Amino acid sequence: MKIYNTMSRKKEKFVPIEPGKIKMYVCGPTVYNYFHIGNARTFMFFDVVRRYFEYRNFEVIFVKNITDIDDKLIEQSITEKIPVSEIAKKYIDAYYEDIRALEIEKPTYQSKATEYLDEMIALIKELEEKGFAYEKNGDVYFSVEKNKNYGKLSGRKLEDLKAGARVEENPNKKNPADFTLWKKAKPGEPKWKSPWGDGRPGWHTECVVMSRKFLGETFDIHGGAIDLIFPHHENEIAQAEAASNKPLANYWMHGGFLNISGEKMSKSLDNFFLTRDVLKKYNAEAIRFFFLSKHYRSPIDFNEDILKESNQAVKNLYSALKENDYLSFIDEKPDYSENQNELKDQFITAMDDDFNTAKAIAVLFEIAKSARSSKDINSAHLLVELGRVLGFFSNLEEKLKTNLDDISEELILLLIRYRSQFKKDKNWEMADKIRDDLKKMGIELKDTPDGTKWKFDK
RNA sequence: GGCGACAUCGCCAAGUGGUAAGGCAAAGGUCUGCAAAAUCUUUAUCCCCGGUUCGAAUCCGGGUGUCGCCUCCA
């Protein structure tokens, strides 16, 4: 299998450190607000990465952090007039809620920054002792000049960074590109004790500490969205490799951005979409389809028309299962034909090529098509098996079930019987009225050679 | 100023040297009392110019356009 590695800017053959085992770390949310639909794209993509590896029988150790102490939480705490710890709790709960609603699986470890203060302080101390860090007025900075490889991930040179003229002026820093490891607390701010006085850790340090803790000094895959390449991941590498003298991660994967009508999503442009708001109008699978229909590294443009199309596409996938009455065969063991195995291989080939989910989805549609035309339940089984690798069809039983109590169902069947009589009498007006009225309630009738069938049309 | 990405049917989107996947939408046929569903069929030569090649959407050069990063950012 091949994975595009940001470090080399090439697709590389993927070789895990330990055969059969994948250690991956993905940067999670900073919990100062509800997360937006762009975050959702990244989280959902890495959910698929994890699912795919597991499908291919790898043991996956997947770590995702929660940044629960940061300048942004402090700002939000002032805005909402509640303590930082409550801000964190509120948005962590919301995060879990939204993730569940998106049908994203939990990582193996979901770690919070504030639980690893001791380890962070130890790392900063180690860096100070090794001469990579210096203290000034209660702040501790990492000295980028001490690390000759600084900039290797983002392809930046220190001179270029200086020339950028947008680097903030900070008289405490030896080099404007130096970044904060420990920040002195101002009065009233959350603080922890440290050898440099009361303060809080910088953002870049937590990921190094938590990845080390759960995955070791070098692990397989480090992921995030493209904007994290610089400075966040660059600064993680600088610290981790200064301390251990070993590469932090072998493969760096970065997801592309989500734009709104061609423009970057930002609060100032007022085109900010929270995941929970999108979920009010579109279900998780429509959103998932929309994300996965484009390659993860490409920018994707978000608009409602495309979400509607995606919703329709997913419905059509489901119809292949309903046509086959999949629910009745859900516990059956599949027995794939040669042709079905061939389709499965096509799916795997697509995913092996740097997670070409768009192509994988095309295979899904081919399978759905044959499931419908051949009425072969094995095609339906294959559709579910592979669809689940992309995260579709979770809680399938529930989704296929009609969720009606017995009386309601009896009433529908009663109406269908009346309508059949009207049809026999060629009373088309009444027959159509029953059909139309039921349709208004979201119940769709269709006349088949085996009699009239009904289903929810949602 | 530095670095990078992208431009394929009405819309979304694969394909990166061998003659254009798939989805949505649309049109027509079958089926139906009419529908719905299902099913079959139809719809592009790949931003422009030049080059390399037997052969290019795919490689090279030059345009044009769009976007991103360099500051917190998924």
Side-chain angles (χ1 to χ4, degrees), chain A residues 6 9 11 26-30 32-33 35-46 70-72 75 151 154-157 159-168 176-177 179 203 223-232 234 254-259 262-267 275 289-290 292-295 297-301 303 305-317 319-320 322-323 346 350 353 356-366 368-369 372-373 375 422-424 426-429 431-432 435-436 439 444-449 452-455 457:
Chain A
T6 306
R9 317 252 157 180
K11 273 189 208 171
V26 173
C27 293
T30 300
Y32 69 107
N33 205 332
F35 70 85
H36 57 67
I37 193 69
N39 295 296
R41 183 191 187 193
T42 305
F43 298 154
M44 207 175 248
F45 170 66
F46 285 102
D70 185 87
D71 289 9
K72 289 197 290 290
E75 279 167 34
S154 55
R156 277 170 232 281
K157 298 185 189 90
E159 308 87 75
D160 297 341
L161 288 171
K162 280 184 211 164
R166 292 210 285 177
V167 179
E168 70 176 292
F179 57 91
W203 175 37
I226 193 166
D227 59 324
L228 294 184
I229 295 174
F230 190 91
H232 184 52
E234 195 70 72
H254 291 97
F257 253 11
L258 178 144
N259 300 319
E263 282 180 309
K264 185 180 169 172
M265 175 160 50
S266 76
K267 285 183 176 161
T275 301
F289 187 94
F290 163 64
L292 299 182
S293 64
K294 190 156 182 172
H295 189 85
R297 280 187 282 114
S298 304
I300 195 169
D301 201 65
N303 71 62
D305 288 341
I306 298 170
L307 228 41
K308 277 178 200 148
E309 287 183 11
S310 302
N311 188 243
Q312 184 56 248
V314 173
K315 266 170 95 170
N316 290 347
L317 245 26
S319 85
K322 289 178 183 165
E323 291 292 321
Q346 281 179 27
D353 183 18
N356 192 335
T357 51
K359 209 172 185 176
I361 284 177
V363 178
L364 250 38
F365 275 97
E366 262 191 67
K369 193 173 169 183
R372 272 192 292 253
S373 60
K375 297 278 180 208
F422 284 129
K423 279 173 71 182
K424 241 180 233 168
K426 296 204 188 301
N427 187 343
W428 308 126
E429 205 183 320
D432 288 354
R435 186 172 62 196
D436 291 346
K439 171 98 183 167
E444 192 174 69
L445 299 188
K446 46 180 184 170
D447 297 328
T448 74
T452 302
K453 299 263 171 76
W454 69 275
K455 67 165 187 176
D457 177 39

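Numbers restart at 1 for each chain; the letters A, B, ... are given by sequence-line order, proteins then strands. Worth saying up front: this structure is predicted, and the values here are computed from it rather than measured.
- Between A:Glu75 and A:Tyr32, the closest side-chain pair of non-hydrogen atoms is not below 4.5 Å.
- Among the protein residues, A:Gly155 comes within range of no part of the nucleic acid, since none of its heavy atoms lies under 4.0 Å from any strand.
- Remark: the separation of the C1' atoms in B:G15 and B:C59 is 16 Å, to the nearest Å.
- Summary of the strand contacts: A:Asp432 and A:Gly28 both lie near RNA chain B, and taking for each the nucleotide with the nearest heavy atom, the more 5' one is attributed to A:Asp432.
- With the nearest nucleotide of RNA chain B identified for both A:Leu445 and A:Ser310, A:Ser310 has the one nearer the 5' end.
- Judged by centroid separation below 5.5 Å and plane tilt below 30°, A:Phe35 does not stack onto the base of B:A74.
- As a whole-Å value, the separation of A:Lys375 NZ from B:U39 C1' is 10 Å.
- Looking at heavy atoms from C-beta onward, A:Lys72 lies out of side-chain contact with A:Asn33 at the 4.5 angstrom threshold.
- One finds no salt bridge joining A:Asp353 and A:Lys359 here, because no Lys/Arg side-chain nitrogen approaches an Asp/Glu carboxylate oxygen to under 4.0 Å.
- If you measure from atom CG of A:Leu317 to atom C1' of B:G23, you get 10 Å, rounded to the nearest angstrom.
- The separation between A:Glu366 atom CD and B:A21 atom P is 11 Å, rounded to whole Å.
- Between the P atom of B:C69 and the NE2 atom of A:His232 lies a distance of 17 Å, rounded to the nearest Å.
- Nucleotides B:C40 and B:U45, compared at atom C1', are 26 Å apart to the nearest Å.
- Among the protein residues, A:Glu323 comes within range of the sugar-phosphate backbone only, with heavy atoms under 4.0 Å from sugar or phosphate atoms but none that close to a base.
- Here B:U39 is the nucleotide among B:A35, B:U39, B:C70 with the atom lying nearest to any side-chain atom of A:Ser373.
- In terms of phosphate contacts, A:Ser319 brings no side-chain nitrogen or oxygen within less than 4.0 Å of OP1 or OP2 of B:A37.
- Ion pair A:Asp436/A:Lys439 not flagged as a salt bridge, since none of the NZ, NE, NH1 or NH2 atoms sits closer than 4.0 Å to an Asp/Glu carboxylate oxygen.
- Rounded to a whole angstrom, the distance from the C1' atom of B:U66 to that of B:C48 is 15 Å.
- Taking 3.5 Å as the limit, the base of B:G68 and the side chain of A:Asn259 contain no donor-acceptor pair of atoms between them.
- When the C1' atom of B:C6 is taken as reference, atom CZ of A:Arg297 falls 12 Å away, rounded to whole Å.
- The aromatic rings of A:His232 and A:Trp203 sit parallel, their planes meeting at an angle under 30°, below the 60° perpendicular limit.
- A:Asn427 is listed as a side-chain neighbour of A:Glu429, based on a closest heavy-atom distance under 4.5 Å.
- Between B:C46 and B:G68, the two C1' atoms lie 24 Å apart (nearest whole Å).
- Taking 3.5 Å as the limit, the base of B:C34 and the side chain of A:Asp447 contain a donor-acceptor pair of atoms between them.
- Residue contacts for A:Lys72: at a heavy-atom cut-off of 4.0 Å it reaches the sugar-phosphate backbone alone, with no base atom in range.
- Picking from B:U39, B:A74, B:G23 the nucleotide with the shortest atom distance to the side chain of A:Asn39 gives B:A74.
- Remark: the A:Arg435 side chain and the B:C34 base include a donor-acceptor N/O pair separated by less than 3.5 Å.
- Note on A:Lys264: a side-chain N or O is less than 4.0 Å away from OP1 or OP2 of B:C69.
- Distance from the side chain of A:Thr42 is smallest to B:A74 among B:C70, B:A74, B:G23.
- A salt bridge (charged side-chain N to carboxylate O under 4.0 Å, His left out) with A:Glu323 is found for one member of A:Lys446, A:Lys453, A:Lys369, A:Arg372 and no other, namely A:Lys446.
- B:G2 atom P lies 20 Å from atom CD1 of A:Ile229, rounded to whole Å.
- Counting any heavy atom pair closer than 4.0 Å across all strands shown, A:Phe365 reaches sugar-phosphate atoms only and no base atom.
- Across the C1' atoms, B:U19 and B:G62 are found 27 Å apart, a figure rounded to whole Å.
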Contact pattern, 5' to 3', of nucleotides 11-16 of chain B - B, S or - by protein heavy atom under 4.0 Å: BSSSS-

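- The interatomic distance linking A:Lys453 (NZ) with B:A37 (C1') rounds to 11 Å, in whole Å.
- Base-pair partner of B:U53: not found among the strands shown (Watson-Crick or G-U wobble, both distances under 3.5 Å).
- Look at NZ on A:Lys369: it is 13 Å from C1' on B:A38, rounded to the nearest Å.
- In this entry B:A7 has B:U64 as its Watson-Crick or G-U wobble partner, both defining distances falling under 3.5 Å.
- Applying the ring-ring contact (aromatic ring centres under 6.0 Å, His included) test to A:Phe179 and every residue at least two apart in sequence or in another chain returns A:Phe142, A:His204.
- If you check B:U45 for Watson-Crick or wobble pairing at under 3.5 angstrom, you find it has no partner at all.
- When the side-chain contact (heavy atoms from CB on, under 4.5 Å) test is applied to A:Thr42, the partners found at least two apart in sequence or on another chain are A:Phe46, A:Ala225.
- Nucleotide B:U30: paired with B:A38 (Watson-Crick or G-U wobble, both distances less than 3.5 Å).
- Counting only heavy atoms from C-beta on, A:Ala225 has its side chain closest to B:A74 among B:G4, B:G23, B:A74.
- Taking only side-chain atoms of A:Arg156, from C-beta outward, the nucleotide of B:C70, B:G23, B:A74 with the closest atom is B:C70.
- Closest to the side chain of A:Leu258, from the set B:A74, B:C24, B:G2, is B:A74.
- B:U16 makes up no base pair with any nucleotide shown, lacking Watson-Crick or G-U wobble contacts both under 3.5 Å.
- Using P as the reference atom, B:C72 and B:G22 are 46 Å apart when rounded to the nearest Å.
- Listed nucleotides B:G22, B:C73, B:A74 differ in distance to A:Trp203; the shortest reach to its side chain belongs to B:C73.
- With both ends at atom C1', the span from B:A44 to B:A37 equals 30 Å, rounded to whole Å.
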A:Thr30/A:Asp70 under side-chain hydrogen bond (donor to acceptor under 3.5 Å, both in side chains): CA gap, chis, key distance, verdict: CA-CA 8 Å; A:Thr30 300; A:Asp70 185 87; 5.3 Å; no

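- A:Asn259 places none of its side-chain heavy atoms less than 4.5 Å from the side chain of A:Ile300.
- Rounded to the nearest Å, the gap between the P atom of B:A25 and that of B:C31 is 24 Å.
- For B:U71, there is no paired nucleotide, since no Watson-Crick or G-U wobble pair has both relevant distances below 3.5 Å.
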